[in-house]
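The structure appears below as structure tokens.
All chains are named by letter (A, B, ...) in the order of the sequence lines, taking the proteins before the strands, and each is independently numbered beginning at 1. Bear in mind the structure is a predicted one, so any value in this text is a computation, not a measurement.
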Protein chains: 2
Amino acid sequence: MTQTPTKPAHHHGDLRNALIKAGISLLDEGGIAALTLRKCAARAGVSHAAPAHHFDGLAGLKSAVAQEAFRLFSRHMMDAANAEGPSPRDRLRGICRGYVQFGLTHRALLETMFGLDAESLLRERIDPGDSDAYQILRDTCAPFVPPDTQKEVIEFQVWSLVHGYTMLFVSGRLGCLHPKNLGDGPFDQVMALLDRIGDTSSS
Amino acid sequence: MTQTPTKPAHHHGDLRNALIKAGISLLDEGGIAALTLRKCAARAGVSHAAPAHHFDGLAGLKSAVAQEAFRLFSRHMMDAANAEGPSPRDRLRGICRGYVQFGLTHRALLETMFGLDAESLLRERIDPGDSDAYQILRDTCAPFVPPDTQKEVIEFQVWSLVHGYTMLFVSGRLGCLHPKNLGDGPFDQVMALLDRIGDTSSS
DNA sequence: GCTTGCAACTTTACAGTGTCAAGTTCGATG
DNA sequence: CATCGAACTTGACACTGTAAAGTTGCAAGC
């Protein structure tokens, strides 16, 4: 045993990562309002001012949490793509499914990720276009690009569509559209449009 | 003159609307973090606890502000549609343009509108699908719907696409896509896909 | 081994926030 | 003119981010 167990330990060892991990838990459990410097500190077992030595205030913590969330997000979509099948079309469907699924499971995380302002993105050097997630999208979209079209056009159209659908769906905003009347499921609807994009060259 | 001008007036007359108006200004000026009960109260010239008699806490104020924002949003898109031209295709383009434009001008407003949770939507009876904005989208989309497709499918695909594009664009998230390399402008890209949707039946 | 320095963390303090309870004012209603 | 209640104020409390100053303990140099 240590000599005086009541005395506070002044060296955590891996506080930065512990705080980020605590932040993600808090977001998942209590929504966007639960992400608090003091709560993160408490959950990591340190005093309330300790995070200031690892992040630039609350904004800094949010950025770091978003950075880690993008990593989780990317891995989630990668798994979803791999689980779906080997063909590009199936992988693309998997990505769409993973996108929406991640949003439903971690909606506060998604809000933190895409709620960052441009400055925070720059400061933390977060560039979704350089992420694994977007690389998957890029690779999987490639076969769908018609020959007379810039591939970036398809990529950002697909991204916008899936992102918009996810955002609207996650926040319950598509209730007025009665998704249950729209076919076999939300993913088929997204895929229908993706197919339509790809069919431009074959018609 | 009144007898004692220093005495506080205990009846504002139209405090609820004044608070909502103050909230919208605060959002436009200082972003989402600037929307505060106390600041709204100060701007309306009342004490810090006065808003509690008109809204159910901060969440209630946010809902009311969002409700008004949806009204502004709807009118903005209506104007944009009318300014573009008489044909459905032009009107649809106008709506897309108005959507993005509103997002760029009032990004904090958009964040408040679409950041509401489902409970708040229900409590304030906010249903985007019943709004003028969505009615415009619905009417303007109608001519683009292929004969073998449910119209709701096209409507929600268009909405998802435009909403997603707006969200990504407004938060600077499309920077990695170098929009300047993508053609004549962002609106043309959205319209390209919209045209592609409509062309399904004609090919 | 001992000292020195410094990074990590704590403690204390302060302004701003939402929210509740109790008091005050004022207009309408009898 | 009295009264009653709605609209608003005042005061208080817990919680938040943030800054300043103090404390601890590891590690490098002698």
Side-chain angles (χ1 to χ4, degrees), chain A residues 1-23 26-27 29-65 108 112 115-117 119-120 123, chain B residues 1-23 26-27 29-65 108 112 115-117 119-120 123:
Chain A
M1 325 293 171
T2 55
Q3 309 107 322
T4 47
T6 50
K7 266 199 184 162
H10 280 71
H11 277 74
H12 181 282
D14 193 24
L15 183 53
R16 193 187 143 91
N17 284 333
L19 289 169
I20 293 175
K21 213 172 153 188
L26 284 168
L27 281 174
E29 294 168 17
I32 196 85
L35 181 56
T36 282
L37 276 175
R38 288 172 115 104
K39 285 202 195 114
C40 284
R43 195 164 283 211
V46 294
S47 78
H48 69 268
H53 295 269
H54 295 273
F55 305 102
D56 184 18
L58 180 59
L61 174 65
K62 277 184 180 169
S63 299
V65 165
T112 304
L116 283 184
D117 45 9
E119 312 145 23
S120 298
R123 176 156 33 86
Chain B
M1 322 298 170
T2 55
Q3 310 108 324
T4 49
T6 51
K7 265 194 184 167
H10 280 71
H11 276 76
H12 180 282
D14 193 25
L15 183 53
R16 194 187 143 92
N17 284 333
L19 289 169
I20 293 175
K21 213 172 154 190
L26 284 168
L27 281 174
E29 293 168 17
I32 196 86
L35 181 56
T36 283
L37 277 175
R38 289 173 114 104
K39 286 206 195 107
C40 285
R43 195 164 282 211
V46 294
S47 79
H48 67 267
H53 296 269
H54 295 274
F55 306 102
D56 184 18
L58 181 59
L61 173 66
K62 276 185 180 167
S63 299
V65 166
T112 304
L116 283 184
D117 45 10
E119 314 146 22
S120 299
R123 175 156 35 86

(message) So, taking the atom named CD1 in I32(A) and the one named CG in L26(A), what distance separates them when rounded to the nearest 0.5 Å?
(response) 11.5 Å
(message) Let me confirm one number: the CG-NE2 distance from L19(A) to H53(A), rounded to the nearest 0.5 Å.
(response) 11.5 Å
(request) Measure the distance from NE2 on H53(A) to P on dT23(D) and round it to the nearest whole Å. (result) 15 Å
(request) Measure the distance from CG on L19(B) to P on dA7(D) and round it to the nearest whole Å. (result) 13 Å
(request) Check whether any side-chain heavy atom of L37(A) sits under 4.5 Å from a side-chain heavy atom of L61(A), and report yes or no. (result) yes
(request) Heavy atoms only: give me the nearest K39(A)-A33(A) pair and the separation to one decimal. (result) NZ-O, 4.5 Å
(message) Please report the distance, rounded to the nearest Å, between CZ in F55(A) and P in dC9(C).
(response) 11 Å
Under 3.5 Å, which protein N or O atoms sit close to an N or O of nucleotides 15-18 of chain D? Give each pair with its distance.
residue, atom, partner, partner atom, Å
dG17(D), OP1, L37(A), N, 2.8
dG17(D), OP2, L37(A), N, 3.3
dG17(D), OP2, R38(A), N, 3.2
dG17(D), N7, R38(A), NH1, 2.3
dG17(D), O6, R38(A), NH1, 3.0
dT18(D), OP2, L58(A), N, 2.9
dT18(D), O4, H48(A), NE2, 3.3

(request) Answer yes or no: does a side-chain N or O of H54(A) lie under 4.0 Å from OP1 or OP2 of dC9(C)? (result) yes
(message) By the definition side chain to side chain contact (heavy atoms under 4.5 Å, CB included), identify the one residue from V46(B), V65(B), L35(B) that meets it with C40(B).
(response) L35(B)
(message) Tell me every residue that passes salt bridge (Lys or Arg N to Asp or Glu O under 4.0 Å) with R43(A), counting only those two or more places apart in sequence or in another chain.
(response) E29(A)
